[in-house]
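A note on names: the letters A, B, ... follow the listed sequences, proteins ahead of strands, and every chain is numbered from 1. Keep in mind it's a predicted model, so treat the numbers as computed, not measured.
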Protein chains: 2
Amino acid sequence: MAAMTDVPLHALEDVATRLRIYSIRATTAAGSGHASSSASAADLVAAIFFDAMRFDPREPRAPRGDRFVLSKGHAAPLLYAAWAEAGLLKPHDLLTLRQLDSDLEGHPTPRLPFVDVATGSLGHGLSVGVGLALGARMEGIDQRVYVLLGDGEMAEGSVWEAAQMAGHLHLDTLIGVVDVNRQGQTGPTMLGHDVRGYQKRFAAFGWRVLVIDGNDMRQVVPALRCARRAGGAPTAIVARTLKGKGIEGVEDAPGWHGKALPKDHAERAVAALESRLHAVPPPKIHRPRARLGTPVAAAPTPATAMNVPELPKMGGSVATREAYGDSLVRLGARDPRVVVLDAEVSNSTFAERFRFAFPDRYVEGYIAEQNMVGVAAGLAARGHVPFASSFACFLSRAFDQLRMAGISRSNVKLSGSHAGVSIGEDGPSQMGLEDLAMFRAIPECVVLYPSDAVSTDACVRLAAERRGMVYIRTTRPKTPVIYGPDETFAVGGLKVIRLSEGDRLTIVAAGITLHEALAAHAELTKAGIAVRVIDLYCVKPVDGDALRRAAEETGNTLLTVEDHYAEGGLGDAVLESVGAGGIAVHKLAVREIPRSGPPQGVLGRYGIDRRRIVARVRELLRA
Amino acid sequence: MAAMTDVPLHALEDVATRLRIYSIRATTAAGSGHASSSASAADLVAAIFFDAMRFDPREPRAPRGDRFVLSKGHAAPLLYAAWAEAGLLKPHDLLTLRQLDSDLEGHPTPRLPFVDVATGSLGHGLSVGVGLALGARMEGIDQRVYVLLGDGEMAEGSVWEAAQMAGHLHLDTLIGVVDVNRQGQTGPTMLGHDVRGYQKRFAAFGWRVLVIDGNDMRQVVPALRCARRAGGAPTAIVARTLKGKGIEGVEDAPGWHGKALPKDHAERAVAALESRLHAVPPPKIHRPRARLGTPVAAAPTPATAMNVPELPKMGGSVATREAYGDSLVRLGARDPRVVVLDAEVSNSTFAERFRFAFPDRYVEGYIAEQNMVGVAAGLAARGHVPFASSFACFLSRAFDQLRMAGISRSNVKLSGSHAGVSIGEDGPSQMGLEDLAMFRAIPECVVLYPSDAVSTDACVRLAAERRGMVYIRTTRPKTPVIYGPDETFAVGGLKVIRLSEGDRLTIVAAGITLHEALAAHAELTKAGIAVRVIDLYCVKPVDGDALRRAAEETGNTLLTVEDHYAEGGLGDAVLESVGAGGIAVHKLAVREIPRSGPPQGVLGRYGIDRRRIVARVRELLRA
């Protein structure tokens, strides 16, 4: 570190020491928490915040400020300590760690202004970092993103999905710092202190790699300074550290993962740390050169000469997945915040329509769904409105990322195509039959399931307008357009589409089964049996009042029909909303592992086609 | 290929040509399917089956036979063709591909005797291969496992999780063959034909790597022969190929992914291929040296001097997660088929009790849940009974693998610890609040949720006895032991644990909320309010008859209480089973994103503690 005198060096060392002291005090006050995992990375974080990053600590989410992602979320005490040292939190507040009304939770969440995406489930942060860096690149903003990873989480495949995308895109504004403290929760990591092993892996994934002693400020600072200089590739700093570094009796000792020091031990450790302070004030945080206030998501404006597809007309026939693609193009032409991601199936999900129209706002996620969702969360944290799609069943791959995006209240939109057995010949591995259960179990997530092209367009618009996670389920086969262009749709809405005064039962369906229900309705009408039909295009939240009203008017009986397993889907959504009222809800759903076969054949085989609906209605009304 | 004359070479080339012909004919007959993805790998598969592998084609699951896993499951026509060429299927049957009553589904499932685990969701096969190879190693059987991967799926992080474990364990009986045909579904893969890129990655993960032209039998055969020779590391064969190789107008052309050739095109292509046949009969398949009939899962017997923990006594207090660990030890002492896996949290899930007792039957999965579940499925396919554990929330990481294990009817057992908000201070990222929804949505999966140590032991035994997937949910805090040692439990059972004649309502709970319900019951009894309490320890399948009976006897009113989100959990399971009967089901569940805090505090804050139960019962009975 030729250019650096001892004064700034000592100042940074003092910051690191104070971060350790804060981490010990907070966890000991809480009686739990990860002091040892904070201590190993204290030098790295001190140098990242007080030497490497350019940001305004009063405005952590300013578009032009550098970003920091704590992928090893259990080192939350260290993160909180850094923001206290930077002046955004008061040191005394750190002692509220893990209390019920404190925003300083056990693992970081965006209740705090400096947290972009919740972490704590390992292996997510690098994808989020890719999204943040990619977003800045799309906006033409020169910004760095620092991601601090633990060595334990390097075992998560999602980290390598993110690494490969960063390498592939030459994302040289992304800096991954790996805290190789060698110790996991229960024992040594696979690679231990084999820092060359990590080096080889990152290099093989297209990264520039620097290997350092992460507890030696004389190596930490120059590595971070080098990493700032864009070199056509993302930079990994593989930092050999000791868990519990600097804490008496804890440093490099096993058995201290996730444990707070007892009070007397903490006092001794703090005293020892204090005695090492050079008593130099912290260095001034570097501000970004450009002004901070530029509006977010200044994505490229759409091509004016572009061919925006028209809304299909009633009576036509369009697959909702195709309508999804066209709807994205219509939306994208109006809203420059919209970006689209897909997991290498954009010709199936029809996200390719957007890809062709707005190539600069399309991100090819390849076959790596976890990373795709993490990148979307990173983009959303910069103010973009990401729509990410794949086959509905393959989104299950990213359930943990989706769960964390839910906790983050991330503004991500997902679309799963090829829902249900109606995809036909490709067989059960390609059939989304659990996606409604998955998305319904994410708090605050809106779940939309349109049945035709017009309602699909409305759902895409509703998704963009809504702040928060929205899921749109689409269908493979073509379905008739049943709504006119002026029909209105709302989150929490439904449509009563067949109604007469003598209705004896209400069929509730959505998507492909709505069309089966309509065919059944026609047949029942011919036979003189009056039933009501509801299009439950919004599966969460459900319009319980309207369902109860329909039930009251139709013999207190509902029959749900869904191309989904019986658990957690549309039927359960209906039950959940009317179950307290003593209304009888009967359910047609897929109840076994389906086989390959022609779409109409499998709908029949698994008991959710028009014939089965007619038969079930007759049974129920006879009873 | 010095040792090889032209005759076997031509014979293998003829096999490859016939595999291409079969693939074309089957997909054209079906009108859909992946002819081009089959053609690129035809030479590789021909040589694997007819030169490399030692197996008896009449007994594809024999313990001593080599195994083949088609990770790129969409090349199913090629797999079926290979087994037809090997004599297990009739060539004519191949034409039933993708028909509703044919076992030759669009993607392979274990309905077929030669498929160990269903594939078709990409990136799973290598983990399954690790499990198969590891199982054979545990059994002391010298066997090779061949996994054919597509290059597109190399983008899935789960592949690198499997690669790292195979490298870490020096699993030199595992051979991964990558069909680098360069083309994905929508366009080129990230690495294209950069075979050196794949080579570097595998090498960085501890593999021996051979790079070949995968469409040249003179390179394919020696590479596979070399790979058979164990060298202390798993072997990757990175094979440069062309998609659609050998098919007129399709070879290396874009736009042919997942498409069948039209009939006339197919006829021309088949005629051209037939003209290339040397007309040599296929080589004889190599049989394994050892006899095939040895029983599976001859895992090491337990140490006789081992300390088997006793079942806790009524009145004590034990966390069900700790009871899970002890139950595994008791089970493992009796049943040598039992193996245990954990994702680097075995001191939290208490799987470490088994790890210490039977280190040879414990597999450390590190922080890589997807691979852990895939490995478990591979072990199960060899007759082992794997129990895999992590925090309940982190199992969401493996939803796709779990879904596929469900389709495979795999005999895997999962345990998720730290369920619900009752974990307290660690916060929402560590709280399993969607695991019941996830496992309920897997067809045929049994979901168990014990509330004390005795019922946990019973659940572990039930899981081992049951053929198929079972999930056991455990709790972090200690809970009282409420059952005696002679209590019996069953899949599909429940326990009425508080009952009196004047009961006006039934509370249905499980796990931690059962104890809250019991405390509420005591308070209500004191106040002269009689309610029934049911322990719904089996959440799927639910004993609907018993629930209906209880409802009939208690004012037709049920109140469910669960430490899970309101969607897809215990309340929905109850609704699903009684919802058709017009019984009023009221639900207490977590309905927002929770915060960190002390366990009893968060239970109260999120409305599922004893006080809230008492209040809700009073409200309901007043109404």
query: Aromatic rings A/Phe205 and B/Trp160: how do their planes relate, parallel, tilted or perpendicular, breaks at 30° and 60°?
result: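 Rings of A/Phe205 and B/Trp160: perpendicular, as their planes differ by over 60°.
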If only atom types and distance count, is the side chain of [X] paired as donor or acceptor with the main-chain N or O of [Y] below 3.5 Å?
| X | Y | value |
| --- | --- | --- |
| B/Gln164 | A/Ala155 | yes |
| B/His107 | A/Asp426 | yes |
| B/Glu344 | A/Gln185 | yes |
| B/Arg595 | A/Ser102 | yes |
| A/Ser596 | B/Gly106 | yes |

May I ask you to name which of [options] has the most heavy-atom pairs under 4.5 Å with chain B?
| options | value |
| --- | --- |
| A/Asp101, A/Val574, A/Leu97, A/Leu558 | A/Asp101 |
| A/Ser408, A/Ala368, A/Gly73, A/Gly579 | A/Gly579 |
| A/Gly33, A/Ser348, A/Gly571, A/Gly568 | A/Ser348 |
| A/Gly427, A/Pro428, A/Ala437 | A/Pro428 |
| A/Glu576, A/His586, A/Lys200 | A/Glu576 |
| A/Pro108, A/Gly123, A/Gly157 | A/Gly157 |

Which answer fits [X], side chain, backbone, both or neither, if we ask what part of it has an atom under 4.5 Å from a heavy atom of chain A?
| X | value |
| --- | --- |
| B/Met431 | backbone |
| B/Asn556 | neither |
| B/His74 | neither |
| B/Ile583 | backbone |
| B/Arg605 | side chain |
| B/Gln401 | side chain |
| B/Ser32 | side chain |

Chain A interface, residue from [options] that has the most non-hydrogen pairs under 4.5 Å:
| options | answer |
| --- | --- |
| B/Glu105, B/Gln99, B/His564, B/Arg591 | B/Glu105 |
| B/Gln370, B/Arg111, B/Arg409, B/Glu592 | B/Arg111 |
| B/Met404, B/Met438, B/Glu352, B/Glu567 | B/Glu567 |

message: Between B/Asp435 and A/Arg403, is the salt bridge (charged side-chain N to carboxylate O under 4.0 Å, His left out) condition met? List the steps.
response: CA-CA 11 Å; B/Asp435 54 319; A/Arg403 180 181 77 86; over 6 Å; no
Got a second to check how far [X]'s [atom1] is from [Y]'s [atom2], nearest 0.5 Å?
| X | Y | atom1 | atom2 | value |
| --- | --- | --- | --- | --- |
| B/Ile593 | A/Glu444 | CD1 | CD | 4.0 Å |
| A/His168 | B/Thr189 | NE2 | OG1 | 9.0 Å |
| A/Ile407 | B/Cys393 | CD1 | SG | 8.0 Å |
| B/Asn347 | A/His257 | CG | NE2 | 8.0 Å |
| A/Ser429 | B/His124 | OG | NE2 | 9.5 Å |
| B/Thr186 | A/Arg355 | OG1 | CZ | 5.0 Å |

So which part of [X] gets closer than 4.5 Å to some heavy atom of chain B, the side chain, the backbone, both or neither?
| X | value |
| --- | --- |
| A/Met190 | both |
| A/Arg196 | neither |
| A/Asp103 | both |
| A/Pro594 | backbone |
| A/Ala566 | both |
| A/Glu364 | side chain |

field: Residue pairs fulfilling salt bridge (charged side-chain N to carboxylate O under 4.0 Å, His left out) with at least one residue in residues 152-165 of chain B, sequence neighbours excluded
entry: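 As it turns out, the salt bridge (charged side-chain N to carboxylate O under 4.0 Å, His left out) pairs with a partner in residues 152-165 of chain B, which skip direct neighbours, are A/Arg397-B/Glu156.
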- prompt: Are A/Asp572 and B/Arg440 close enough that some pair of their side-chain heavy atoms sits under 4.5 Å apart?
  reply: yes
Non-hydrogen atoms of [X] and [Y] that approach each other most closely:
| X | Y | value |
| --- | --- | --- |
| B/Phe394 | A/Gly120 | CZ-O, 4.0 Å |
| B/Pro188 | A/Tyr366 | O-CE2, 3.7 Å |
| B/Glu434 | A/Ala441 | CB-CB, 3.8 Å |
| A/Pro443 | B/Tyr565 | CG-OH, 3.3 Å |

